[in-house]
Q: 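One structure, pasted below without further comment.
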Amino acid sequence: MQITIIASGSGGNATLFASRGTRVLVDAGVGPRVLAQCLAAAATAGALGSTSGSTSAWTPDAIVITHAHADHVGVAARYNKKHKIPIYASEATARAAHLGDPERVRLFSPREPFAIGALTFSPRPLPHDAAQVALVVDDGARRAALVTDLGEVPPGLLEHVAGCDVLMLESNYDEDMLDAGPYPQHLKRRILSARGHLSNAQACALLAALPGGTHTVALMHLSENNNRPDLALAAARDALLGKRARLLAAPPRGPLVLDTAPPPGAARAPLAARQLGLFPGM
Ligand SMILES: [Zn+2]
Ligand SMILES: [Zn+2]
């Protein structure tokens, strides 16, 4: 299974999962042009599996929406209308967001697995100020977890993501930067709350408790005002010390391509400072 992180952060979120001819976009929080450009770049890089090279070949088979915030639901309704593809969402999300033609909206239960082609999605509710889910995506051979937009790590989440080959985990803010930053008090309180976002320290607590089996960790949804990739990566590297995992920070705009198959040599290589230099500005 190949994963293409197209965008991550408050400016928009979209991640494509591709395996054995099935391509599913999770969240559609970026404009159609950015989405098309990133899908084209990912296709050129071979991350979408076999395509004919035409633009329509880059269109996903379906879109899964994690929750009704604009940075995640963005262009879902337009995709529904233009490409006539199904949009999957929980009932609460479908009620709170406009997802386009209801005939193509498919409801899922936030605790029950559902399949789209070769991929099985296992959701789990997350504490956030909208009905939100973590997703474990399984193609029968490998598993990847996408966990963003949560105010705290709820009971059972660690077990839900344990053993996933790839973990994409929110590391939204550095507490000192948020405290000293320009946001108004009510916004700081919202981010800090148990239904807000996950701090670097909270992400690290989960990473430190993560059992073996995860070969790649991508830090997601980093705030551009209240965090720095080097801070988030340094903290996560410490938390993962002794675990054999590759560590990355997702940039606000991708594409960043991850493979659920272990990278050659990665299983033997401890977390290294070289990972810090993967993206500009780190
Ligand atoms: Zn978000
Ligand atoms: Zn959100």
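The model shown is predicted, which means the values in this text are computed figures rather than measured ones.
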Q: Would you say Phe17 ends up clustered with Phe114 if hydrophobic residues are merged whenever their side chains have heavy atoms under 4.5 Å apart, either directly or through other cluster members?
A: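 Same cluster.
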Q: Is Leu187 reachable from Leu198 through a run of I, L, V, M, F, W or Y residues, each pair having side-chain heavy atoms under 4.5 Å apart?
A: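 Looking at the clustering, Leu187 is in a separate group from Leu198.
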Q: If every non-hydrogen atom of Gly100 is compared with every non-hydrogen atom of Val105, which pair is closest and at what distance?
A: O-CG2, 4.3 Å
Q: Check the pair Arg106 / Ile116 against side chain to side chain contact (heavy atoms under 4.5 Å, CB included), numbers first and verdict last.
A: CA-CA 11 Å; Arg106 310 270 183 275; Ile116 305 174; over 6 Å; no
Q: Would you call Leu210 and Leu158 a side-chain contact if the rule is heavy atoms closer than 4.5 Å?
A: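 They are in side-chain contact.
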Q: Measure the spacing between CG of Asp101 and NZ of Lys84 and express it to the nearest 0.5 Å.
A: 8.0 Å
Q: Looking at Gly196 and His128, what are the two nearest heavy atoms and their distance?
A: O-ND1, 2.9 Å
Q: Does the pair Ser122 and Asp138 meet the rule for a side chain to side chain contact (heavy atoms under 4.5 Å, CB included), with working shown?
A: CA-CA 8 Å; Ser122 298; Asp138 189 333; 6.0 Å; no
Q: Spell out, yes or no, whether Tyr183 and Leu231 are grouped together once hydrophobic residues are joined by side-chain heavy atoms under 4.5 Å, including indirect joins.
A: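 No; Leu231 is not reachable from Tyr183 via cluster members.
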Q: Does Arg78 have more than 12 heavy atoms from other residues, nucleotides or ligands lying within 6.0 Å of its CZ?
A: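 Open.
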Q: Any chain of hydrophobic side-chain contacts (each under 4.5 Å) joining Val217 to Tyr173?
A: no
Q: May I have the step-by-step check of side chain to side chain contact (heavy atoms under 4.5 Å, CB included) for His160 and Val136, ending in yes or no?
A: CA-CA 8 Å; His160 192 64; Val136 169; 3.6 Å; yes
Q: Please report the shortest heavy-atom distance between Ala14 and Leu25, naming the atom on each side.
A: CB-CD1, 4.2 Å
Q: Quick one: are Met1 and Arg143 in side-chain contact, heavy atoms under 4.5 Å?
A: no
Q: Any donor-acceptor pair under 3.5 Å linking the side chain of His221 with the backbone of Ser8?
A: no
Q: Can you confirm whether Arg142 sits close enough to Pro262 that some side-chain heavy atom of one is under 4.5 Å from a side-chain heavy atom of the other?
A: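 When only atoms from C-beta onward are counted, Pro262 and Arg142 do touch, with a gap below 4.5 Å.
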Q: Give a yes or no on whether the backbone of Ala144 and the side-chain of Asp165 come within a donor-acceptor separation of less than 3.5 Å.
A: no
Q: Among Leu16, Asp259, Asp139, which residue meets the side chain to side chain contact (heavy atoms under 4.5 Å, CB included) test with Gln2?
A: Asp259
Q: Check Leu146, Thr214, Leu248, Thr260 against Val166 for a side chain to side chain contact (heavy atoms under 4.5 Å, CB included) and give me the one that passes.
A: Thr260
Q: Taking Gly151's backbone N and O only, do any of them form a donor-acceptor pair with Gln202's side chain (distance below 3.5 Å, no angle check)?
A: yes
Q: Looking at every heavy atom in both Pro127 and Ala194, which two are closest together, and how far apart are they?
A: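 In this case the closest contact between Pro127 and Ala194 is CB-O, 3.5 Å.
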Q: Measure centre to centre between the rings of Phe108 and Phe121, then say whether the value is under 6.0 Å.
A: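 No: the rings miss the under 6.0 Å criterion.
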Q: Output, in order, the C-alpha distance, side-chain angles, deciding distance and verdict of side chain to side chain contact (heavy atoms under 4.5 Å, CB included) for Leu178 and Asn172.
A: CA-CA 10 Å; Leu178 178 65; Asn172 183 261; over 6 Å; no
Q: Identify the heavy atoms of Thr93 and Ala131 that sit nearest to each other, and give their distance.
A: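 Heavy-atom minimum between the residues: OG1-O, 3.6 Å.
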Q: Indicate yes or no for a side-chain donor-acceptor contact from Lys243 to the backbone of Ala208 under 3.5 Å, with no hydrogens or angles considered.
A: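 Yes, Lys243 side chain to Ala208 backbone: donor-acceptor pair under 3.5 Å.
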Q: In Å and rounded to the nearest 0.5 Å, what is the CD to OG distance from Glu170 to Ser199?
A: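 Result: 9.0 Å between the selected atoms.
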Q: Using side-chain heavy atoms (C-beta onward) and a distance below 4.5 Å, is Leu256 in contact with Pro251?
A: yes
Q: Of Asp149, Val153, Thr148, Val147, which is the lone residue that meets side chain to side chain contact (heavy atoms under 4.5 Å, CB included) with Leu126?
A: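 For Leu126, the side chain to side chain contact (heavy atoms under 4.5 Å, CB included) check succeeds only for Val147.
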Q: Hey, what do you get for CD1 (Ile85) to OH (Tyr79), rounding to the nearest 0.5 Å?
A: 7.0 Å
Q: Rounded to the nearest 0.5 Å, what separates atom CZ in Arg237 from atom SG in Cys204?
A: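 Between atom CZ of Arg237 and atom SG of Cys204 there are 11.0 Å.
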Q: At what distance, to the nearest 0.5 angstrom, does NE2 of His215 lie from CZ of Arg244?
A: 14.5 Å
Q: How long is the gap from CD1 on Ile191 to NE2 on His186, to the nearest 0.5 Å?
A: 9.5 Å
Q: Do Thr15 and Asn13 touch side chain to side chain, with heavy atoms closer than 4.5 Å?
A: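 Thr15 does not reach Asn13 side chain to side chain.
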Q: For the backbone of Asn225 and the side chain of Arg228, can you confirm whether one donor and one acceptor N or O come within less than 3.5 Å of each other?
A: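 Here the side-chain-to-backbone pair does not exist.
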Q: Is Leu192 linked to Leu222 within one hydrophobic cluster, defined over Ile, Leu, Val, Met, Phe, Trp and Tyr using a side-chain heavy-atom separation of less than 4.5 Å?
A: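 No, Leu192 does not connect to Leu222 through the hydrophobic network.
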Q: Would you check if Val73 and His98 make a side-chain contact, meaning some heavy-atom pair closer than 4.5 Å?
A: no
Q: Of the non-hydrogen atoms in Ala62 and Tyr88, which two are nearest, and what is the gap between them?
A: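 For Ala62 and Tyr88, the tightest heavy-atom pair comes out as CB-CE1, 3.8 Å.
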Q: Is any side-chain heavy atom of Val161 closer than 4.5 Å to one of Leu169?
A: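 Sidechains of Val161 and Leu169: no contact.
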Q: Between His72 and His67, how do the two ring planes meet: parallel, tilted or perpendicular, split at 30° and 60°?
A: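 His72 vs His67 ring planes: tilted.
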Q: With side chain to side chain donor-acceptor pair (under 3.5 Å) as the test, would you mind laying out the steps for Ser171 and Asn200 before giving the verdict?
A: CA-CA 5 Å; Ser171 195; Asn200 293 350; 2.8 Å; yes
Q: Would you please test Asp27 and Thr66 for side chain to side chain donor-acceptor pair (under 3.5 Å) and show each step?
A: CA-CA 6 Å; Asp27 287 334; Thr66 60; 2.9 Å; yes
Q: Is there a side-chain contact between Leu258 and Met168 in this structure, where contact means two heavy atoms from C-beta onward sitting under 4.5 Å apart?
A: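 With C-beta onward as the side chain, the pair touches.
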